[in-house]
Undergrad: 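Okay, handing you the structure first.
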Amino acid sequence: QVQLVESEGGLVQAGDSLRLSCAASGRTVSGYAMGWFRQAPGKERDFVATISASGSNSYYADSVKGRFTISRDNAKNSVYLQMNSLKVEDTAVYYCAASRGRLASSRSADYYSWGQGTQVTVSS
């Protein structure tokens with residue numbers, strides 16, 4: 001079982017940037033796709049971004065495409081989410097997740113381990 005710990009989020013203003021990191025422990029995640037999901041108050045958890053095990057493929061939700069970038073450092077057993085041009089509607093708890101396979105996936109059912117989540121609040 002892999003444990004995932006997200007970095008602290010924070011309160012930022014619209015237009016600002018924020019970088020989230022996710023450190024894995026317990027086992028290496030270099031052979032598995034990783035993803036970021038988020039859950040806004042009163043809403044279901046939604047897909048944000050995913051990256052394949054090799055890092056060669058990544059996909060994004062339409063709502064964040066062009067603003068967010070997912071990356072990974074397999075040597076550090078970590079994955080990152082660079083968030084630029086943040087909007088109020090990006091406010092949510094952000095979760096890092098480890099997949100059961102190598103291919104990038106937007107389906108939450110493909111992920112078996114989840115971090116505890118980190119709050120990101122964007123003010124206008």
Side-chain angles (χ1 to χ4, degrees):
Q1 182 76 3
V2 62
Q3 291 78 43
L4 302 173
V5 178
E6 297 97 344
S7 59
E8 186 174 348
L11 172 62
V12 298
Q13 291 189 326
D16 284 353
S17 296
L18 189 64
R19 187 189 193 216
L20 300 180
S21 61
C22 172
S25 63
R27 63 176 288 187
T28 179
V29 294
S30 61
Y32 302 93
M34 299 290 291
W36 286 95
F37 293 75
R38 68 186 182 186
Q39 187 169 20
K43 296 187 177 181
E44 294 185 352
R45 188 160 55 189
D46 290 330
F47 164 73
V48 175
T50 179
I51 188 167
S52 62
S54 66
S56 59
N57 291 299
S58 58
Y59 304 102
Y60 299 89
D62 288 343
S63 59
V64 307
K65 202 171 295 182
R67 299 187 298 121
F68 289 12
T69 302
I70 188 172
S71 62
R72 65 189 301 158
D73 185 338
N74 285 338
K76 295 183 178 180
N77 221 26
S78 296
V79 65
Y80 309 95
L81 186 67
Q82 177 68 42
M83 304 184 291
N84 298 330
S85 303
L86 281 161
K87 303 177 180 180
V88 172
E89 51 264 42
D90 293 320
T91 296
V93 177
Y94 284 73
Y95 298 90
C96 170
S99 172
R100 297 181 178 91
R102 297 185 59 83
L103 300 179
S105 173
S106 62
R107 298 183 342 126
S108 61
D110 289 336
Y111 295 83
Y112 76 99
S113 184
W114 297 80
Q116 82 285 358
T118 186
Q119 177 70 48
V120 174
T121 303
V122 185
S123 65
S124 60

Undergrad: Which residues satisfy the side-chain contact (heavy atoms from CB on, under 4.5 Å) test with N57, sequence neighbours excluded?
TA: S52, Y59

Undergrad: What pairs of residues pass the disulfide (SG to SG under 2.5 Å) test when at least one of them lies in residues 35-79, not counting sequence neighbours?
TA: none

Undergrad: For M34 and I70, work out which heavy atoms get closest and say how close.
TA: O-CD1, 4.1 Å

Undergrad: Would you confirm whether N74, through its side chain, and V29, through its main-chain N or O, come within 3.5 Å as a donor-acceptor pair?
TA: no

Undergrad: Sort and list the pairs that fulfil disulfide (SG to SG under 2.5 Å) and have at least one residue in residues 48-77, not counting sequence neighbours.
TA: none

Undergrad: Measure from the side-chain N and O atoms of S113 to the backbone N and O of V2, and report whether any donor-acceptor pair falls under 3.5 Å.
TA: yes

Undergrad: Using the salt bridge (charged side-chain N to carboxylate O under 4.0 Å, His left out) rule, collect all pairs that involve residues 24-43, keeping only residues at least two apart or in two chains.
TA: R38-D90

Undergrad: Restricting to non-hydrogen atoms, name the atom on R72 and the atom on S30 that form the minimum distance, rounded to 0.1 Å.
TA: NH2-CA, 3.9 Å

Undergrad: Could you work out, with side-chain contact (heavy atoms from CB on, under 4.5 Å) as the rule, every residue matching A23, not counting sequence neighbours?
TA: S78

Undergrad: What donor-acceptor contacts under 3.5 angstrom involve side-chain atoms of residues 80-89, with partners at least two apart or in another chain?
TA:
from	atom 1	to	atom 2	distance (Å)
Q82	NE2	N84	OD1	2.9
N84	OD1	S17	OG	2.9

Undergrad: Are the side chain of S99 and the backbone N or O of Y32 linked by a donor-acceptor pair below 3.5 Å?
TA: no

Undergrad: With clusters defined by side-chain heavy atoms of hydrophobic residues (ILVMFWY) lying less than 4.5 Å apart, directly or transitively, does V48 cluster with V12?
TA: yes

Undergrad: Which residue pairs pass the salt bridge (charged side-chain N to carboxylate O under 4.0 Å, His left out) test when at least one of the two sits in residues 109-124, sequence neighbours left out?
TA: R107-D110

Undergrad: Is there a donor-acceptor contact under 3.5 Å from the side chain of T118 to the main chain of G9?
TA: yes

Undergrad: When you compare the side chain of V5 with that of S25, does any pair of heavy atoms fall below 4.5 Å?
TA: no

Undergrad: Going by side-chain hydrogen bond (donor to acceptor under 3.5 Å, both in side chains), name the residues that satisfy it together with S21, two or more places apart in sequence or in a different chain.
TA: S7

Undergrad: Spell out, as yes or no, whether a donor-acceptor pair under 3.5 Å connects the side chain of Y95 to the backbone of E6.
TA: no

Undergrad: If you group Ile, Leu, Val, Met, Phe, Trp and Tyr by side-chain heavy-atom gaps below 4.5 Å, do V93 and L4 land in one group?
TA: no

Undergrad: About how many Å separate CZ of F47 and OH of Y60, when rounded to the nearest 0.5 Å?
TA: 9.0 Å

Undergrad: CD of Q119 to CG of L11: how many Å apart, nearest 0.5 Å?
TA: 9.5 Å

Undergrad: Any ring-ring contact (aromatic ring centres under 6.0 Å, His included) involving residues 98-124? Give me the pairs, sequence neighbours left out, ordered by first then second residue.
TA: F37-Y111, F37-W114

Undergrad: Rounded to the nearest 0.5 Å, what separates atom OG in S71 from atom CZ in R19?
TA: 5.5 Å

Undergrad: Which residue pairs satisfy the salt bridge (charged side-chain N to carboxylate O under 4.0 Å, His left out) criterion with at least one member in residues 45-64, sequence neighbours excluded?
TA: D62-K65

Undergrad: Verify the neighbour count for atom CD of E44: are there more than 12 heavy atoms of other residues, nucleotides or ligands below 6.0 Å?
TA: no

Undergrad: What residues form a side-chain contact (heavy atoms from CB on, under 4.5 Å) with L103, not counting sequence neighbours?
TA: none

Undergrad: Under the disulfide (SG to SG under 2.5 Å) definition, can you give me all pairs with a residue in residues 19-113, not counting sequence neighbours?
TA: C22-C96

